[in-house]
Amino acid sequence: MRVPVIELVDHPGATRALSHAAAVEEFGEESWGAADGAIRSDIDLDLHLDAVVDGILVRGRVGADLELPCSRCLVDQAVRVDSDVAELFVDPAKREEDDEEDPGYELIDDRTAIDLSVMVRDALLIDLPLRVLCREDCQGLCEECGTDRNQRDCGHRPDEAPDPRWAALADLDLPNE
Ligand SMILES: [Zn+2]
Ligand SMILES: [Zn+2]
């Protein structure tokens with residue numbers, strides 16, 4: 001997602017707000033990793049572009065609505081992700097010749113634009129919840145038959161230790177028949 005910054009470059013102190021709801025397609029073809037196919041809204045950008053001596057500082061917030069499966073029962077859940085960002089897009093004209101440091105983000109198109117795609121994708125992916133639960137006490141799927149145990153009790157008890165009273169009975173050496 002390219003943003004022209006011609007009026008900012010070489011004007012340290014200049015600033016511009018960028019508020020935009022961008023369709024997922026605007027961020028290119030690359031995979032969204034764990035969020036691939038799960039984004040259900042435009043991606044909200046609420047950013048400030050500040051011209052600094054070394055380039056353009058982009059800071060603010062990006063957010064999106066997603067649908068991710070509950071880790072236990074796999075039913076899709078609505079999840080909102082909002083991420084704070086603060087990244088410097090380095091002006092290649094301001095870099096030292098012998099600067100070996102990885103520049104990270106850089107101005108492109110002959111110092112006239114920045115591309116926010118990678119920054120936005122990385123910010124949202126870092127803030128994805130590691131585990132989604134539809135509710136704290138979700139019963140999950142039965143390991144035996146796959147039944148959603150929130151919906152129906154299939155009768156299987158894979159996790160339960162045997163009832164100690166029955167265990168005691170099992171210890172009695174009862175004659176068969
Ligand atoms: Zn669940
Ligand atoms: Zn079952």
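We count ligands from 1, going down the list as the structure has it; atoms in each ligand are counted the same way. Note that the numbering runs from 1 along the sequence shown for the chain.
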- Note on the structure: Output field for angle at the Zn ion (ligand 1), Cys70.SG vs Cys73.SG, rounded to 10°, should show 110°
- Message: Please report, to 10°, the angle around the Zn ion (ligand 1) from atom SG (Cys138) across to atom SG (Cys134).
- Response: 100°
- Should Asp82 and Arg80 count as an ion pair when the cut-off is N to O under 4.0 Å? yes
- Item | Ser117 side chain to Asp115 side chain, donor-acceptor N/O pair below 3.5 angstrom | yes
- Should the ring pair Phe89 and Tyr105 be called parallel, tilted or perpendicular, given that the plane angle runs from 0 to 90° and is split at 30 and 60? parallel
- Query: Of all the N, O or S atoms in His156, which one sits nearest to the Zn ion (ligand 2)?
  - Reply: ND1
- To 10°, measure the SG(Cys142)-the Zn ion (ligand 2)-SG(Cys145) angle for me. 110°
- Message: Evaluate Val62 against Asp46 for side-chain contact (heavy atoms from CB on, under 4.5 Å), listing each step before the verdict.
- Response: CA-CA 6 Å; Val62 300; Asp46 190 4; over 6 Å; no
